[in-house]
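Below is one structure; the comments refer to it alone.
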Amino acid sequence: MGRNIPIGAGEFPKKIEIVDIDGLKQSYEKLKKELIKSKEKQIKLIDIKNNIEWRCANCSRFLDRLVNQEQIEGYLVDFMIEKFKICHKCRKRNYFKINKNGEILFLMLAENNKKI
Ligand SMILES: [Zn+2]
């Protein structure tokens, strides 16, 4: 095992050695569950008896059909780790969020990668 090299704030290590991959995976799963729990209340508000069509916020190309809570939870976790849905037509990165009324707002990343 290499020794730990302290790095200052704002610096990023060039290389990271992961010594406990299983532990890391477990932590990730735990984190994911926590993240989902924090969203569950909002997700429950969504009426998903009818499929929800997700279309690109820029060009309206069909992206996916939202059919159940599990799938929506999966997407919300993806967005938190910056995994967005890229439109095959215009290449915009799409995501969605749920407002406190339980409505899904379909959005896309701006050119500067900021959420709008
Ligand atoms: Zn598009």
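Just so you know, ligand 1 is whichever comes first in the structure, and atom 1 is the first atom listed for that ligand. Remember, it's a predicted structure, so these values are computed and weren't measured experimentally.
- Contact annotation: the side chain of R55 never approaches that of R61 to less than 4.5 Å [non-hydrogen atoms, C-beta and beyond].
- Between Q71 and L66, some side-chain heavy-atom pair lies under the 4.5 Å cut-off.
- Residue I21 qualifies as open at atom CD1: its count of foreign heavy atoms under 6.0 Å is 12 or below.
- With a 4.5 Å cut-off on side-chain heavy atoms, R93 and M108 do not count as touching.
- Below 30°, between 30° and 60°, or above 60°: for Y75 and F96 the angle between ring planes is above 60°, a perpendicular geometry.
- Excluding waters, the set of protein N, O or S atoms lying under 2.8 Å from the Zn ion (ligand 1) comprises C56 SG, C59 SG, C87 SG, C90 SG.
- Exactly one residue among F106, Y95, W54 makes a ring-ring contact (aromatic ring centres under 6.0 Å, His included) with F84. That residue is Y95.
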